[in-house]
Amino acid sequence: MDAQLKRGMLEGCVLAVLARGDSYGYQLVKEVGACVEISESTLYPILRRLESQGNLRVYTREHSGRLRKYYALTDSGHARLAELRAEWRQVLNVYAFIMAGTEETT
């Protein structure tokens, strides 16, 4: 997959997972990784950027005697996800246009 295209999708994937509920880094890597390859070294800069933009709230909670950092969507994060979903609907329309008339089934 083209790196530029992938980069644009990852933010939406992270926001979509967090829309289902608060989560932490390792779990986010697992859930996003089910759809597109992502590493922790890619995830954490995205999380920091989303937090600095006001789209995420970060808090800690004890788990097995250690503090774990959790991420939660803010109202702004929900709005950003809605914007990304609208943009992706347009991308899907373009994809359908490009694929129209092909017999390729993937």
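Hydrogens, waters and symmetry mates are skipped; everything else that's a heavy atom, side chains included, is used.
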> Take atom CG in Asn93; do more than 12 heavy atoms of anything else shown fall under 6.0 Å from it?
Replying inline: yes

When the side chains of residues 57-65 are checked against the rest of the protein, which donor-acceptor pairs come out under 3.5 Å, sequence neighbours left out?
{"unit_1": "Tyr59", "atom_1": "OH", "unit_2": "Asp22", "atom_2": "OD2", "d": "2.6"}
{"unit_1": "His63", "atom_1": "NE2", "unit_2": "Arg68", "atom_2": "NH2", "d": "3.3"}

> If you look only at pairs with a residue in residues 25-58, which of them pass as a ring pair (Phe, Tyr, Trp, His ring centres under 6.0 Å), with sequence neighbours excluded?
Replying inline: none

> Is any side-chain heavy atom of Leu43 less than 4.5 Å from a side-chain heavy atom of Val32?
Replying inline: no

> Do Tyr70 and Leu50 share a hydrophobic cluster, counting only Ile, Leu, Val, Met, Phe, Trp and Tyr and linking them when any side-chain heavy atoms are less than 4.5 Å apart?
Replying inline: no

> Are Val17 and Ile46 connected in a single hydrophobic cluster, I mean Ile/Leu/Val/Met/Phe/Trp/Tyr linked by side-chain heavy atoms less than 4.5 Å apart?
Replying inline: yes

Donor-acceptor contacts, no H, no angles, side chain residues 76-90, under 3.5 Å, sequence neighbours left out:
{"unit_1": "Ser76", "atom_1": "OG", "unit_2": "Asn55", "atom_2": "OD1", "d": "2.9"}
{"unit_1": "Arg80", "atom_1": "NE", "unit_2": "Glu11", "atom_2": "OE2", "d": "2.9"}
{"unit_1": "Arg80", "atom_1": "NH1", "unit_2": "Glu83", "atom_2": "OE1", "d": "3.1"}
{"unit_1": "Arg80", "atom_1": "NH2", "unit_2": "Glu11", "atom_2": "OE2", "d": "3.4"}
{"unit_1": "Arg89", "atom_1": "NH1", "unit_2": "Arg85", "atom_2": "O", "d": "3.2"}

Considering all heavy atoms, the nearest [X]-[Y] contact:
X: Thr74; Y: Leu56; answer: CG2-C, 3.7 Å
X: Cys13; Y: Val36; answer: SG-CG1, 4.1 Å
X: Tyr71; Y: Leu18; answer: O-CD2, 3.4 Å

>> With salt bridge (Lys or Arg N to Asp or Glu O under 4.0 Å) as the rule and sequence neighbours excluded, what pairs involving residues 24-43 come up?
In response: Arg20-Glu31

> Using links of under 4.5 Å between side-chain heavy atoms of ILVMFWY residues, direct or through other members, which residues join Leu92 in one cluster?
Replying inline: none

>> Checking Ser39 now: which residues fulfil side chain to side chain contact (heavy atoms under 4.5 Å, CB included) with it, not counting sequence neighbours?
In response: Ser41, Thr42

